[in-house]
Amino acid sequence: MVKEIDAREQACPKPVIMTKKALESMDKGEIDVIVDNEVAKENVSKLSKSMNLEYSVSRDNENFIINIVKGEKEEVKEKEDIDICKPNLFKDTTIAINSDKMGEGNDELGKILIKGFIYSLTESLPYPSTLVFYNNGVKLTVEGSECLEDLKTLEEAGVEILSCGTCLDYNNIADKLSVGGVTNMYTIVEKIKNSTNTITI
Amino acid sequence: MLNNEMYVIAFDSTHHAIKSEKEIKSQEINIKTIPTPREISVSCGLSIKFDYNDLNWINNIIRENNLSTSGIYKIYRKEGKRVAEKLI
């Protein structure tokens, strides 16, 4: 029989602790751990890996089910206590910003909105892992931009901030970049493609 | 990151918020326009975050220009939750 561990709506590191307890309480067998978010899924998977156990992940609507098999001879050797809750700070999300305005319409309003958007990003956890700026978006990462302070806050917290080099150059502002690094289209493609989630503003 | 304490002026009108930002910035006072914090209002308004020391100065600018605000608030943490206290 497969034992079921319902770890939905549990804050980190609870799902990991519940999984660990369940595994320790049995000699061999199978458990299904149900979690409702990406971070918990990653953490439970990491735990299984560190305990040398076979596991597989499946999706059920909003939830993830991690099936873990504990065999007889499995050598339970735990590695260092993985810094489990760290990923909570970041979501594997890339936000692509292609303009110095948010949405279509009045320019003045659009500029106010993008400023508000970036400020609000600093107030909302988890942070995205990467922000990429291209086309007119690069005007937000250069000298004189009113978003610099907020972008620096995000960068200090560990958010990767990348501006398109071609775009900086085209606008003659390459020497004015004030936050984050310069990148090229290959990296932009990778960031947008490989993140679990990409949001284009 | 999540600021522990700040002062903001909330506006009902986006136009008044934008006008105020321009007028205040033209006097070289350091402020920042932000979306109105949820603790104050759930509507999608704008607020100006400012340094408390500049309060009187900013108030004068707002009065001189006939700009209407919906209040000045102090936002701080209380028992882990953010609360807004209306000052004026």
Side-chain angles (χ1 to χ4, degrees), chain A residues 11-12 85-91 93 95 97 100-129 131 139-141 143-161 178-180 199 201, chain B residues 1-51 54 58 62 65 67-70 73-78 80-84:
Chain A
C12 184
C85 288
K86 231 178 169 181
N88 250 356
L89 189 54
F90 301 102
K91 216 172 162 190
T93 297
I95 297 185
I97 297 176
D100 56 346
K101 303 168 199 87
M102 186 173 183
E104 304 247 351
N106 180 280
D107 284 359
E108 185 178 41
L109 179 61
K111 282 185 179 168
I112 294 263
L113 294 179
I114 194 82
K115 222 159 69 175
F117 175 78
I118 291 176
Y119 169 77
S120 303
L121 277 181
T122 67
E123 295 247 330
S124 163
L125 285 172
Y127 289 148
S129 47
L131 300 182
K139 291 182 180 165
L140 300 172
T141 56
E143 217 177 280
S145 151
E146 292 182 276
C147 300
L148 283 183
E149 203 185 311
D150 294 326
L151 291 173
K152 281 179 182 159
T153 304
L154 291 169
E155 188 183 39
E156 272 161 31
V159 177
E160 189 179 21
I161 293 176
S178 302
V179 63
I199 298 163
I201 300 306
Chain B
M1 212 172 75
L2 316 154
N3 286 309
N4 281 329
E5 187 182 300
M6 62 178 182
Y7 293 88
V8 303
I9 308 168
F11 294 86
D12 289 327
S13 150
T14 307
H15 293 286
H16 281 228
I18 294 173
K19 179 101 194 288
S20 302
E21 182 192 21
K22 273 191 203 145
E23 294 294 341
I24 298 169
K25 278 202 171 156
S26 72
Q27 309 253 347
E28 296 191 352
I29 302 173
N30 193 18
I31 52 158
K32 183 174 192 146
T33 305
I34 63 170
T36 296
R38 277 178 288 204
E39 293 75 17
I40 298 176
S41 156
V42 287
S43 68
C44 182
L46 293 174
S47 288
I48 287 178
K49 187 174 145 199
F50 64 97
D51 185 331
D54 296 327
I58 290 173
I62 287 173
N65 290 282
L67 298 161
S68 74
T69 69
S70 69
Y73 296 83
K74 176 185 178 181
I75 295 184
Y76 59 100
R77 271 182 192 282
K78 193 176 166 190
K81 268 173 92 178
R82 279 209 336 182
V83 290

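Order of the sequence lines fixes the chain letters, A, B, ..., with proteins taken first and strands second; residue numbering starts at 1 for each chain.
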Distance, nearest 0.5 Å, that separates [atom1] of [X] from [atom2] of [Y]:
X: Arg38(B); Y: Ser120(A); atom1: CZ; atom2: OG; value: 8.0 Å
X: Ile112(A); Y: Ile18(B); atom1: CD1; atom2: CD1; value: 4.0 Å
X: Thr122(A); Y: Ile34(B); atom1: OG1; atom2: CD1; value: 9.0 Å

For Gln27(B), look at atom CD and say whether over 12 heavy atoms of other residues, nucleotides or ligands are found less than 6.0 Å away.
-> yes

Salt-bridge criterion met for Arg82(B) and Glu123(A) (N-O under 4.0 Å): yes

Contacts satisfying salt bridge (Lys or Arg N to Asp or Glu O under 4.0 Å) that involve residues 8-31 of chain B (not counting sequence neighbours) are Glu108(A)-Lys22(B), Lys115(A)-Glu21(B), Glu146(A)-Lys25(B), Glu21(B)-Lys25(B)

Turns out that what part of Leu109(A) lies under 4.5 Å from chain B's heavy atoms comes down to side chain

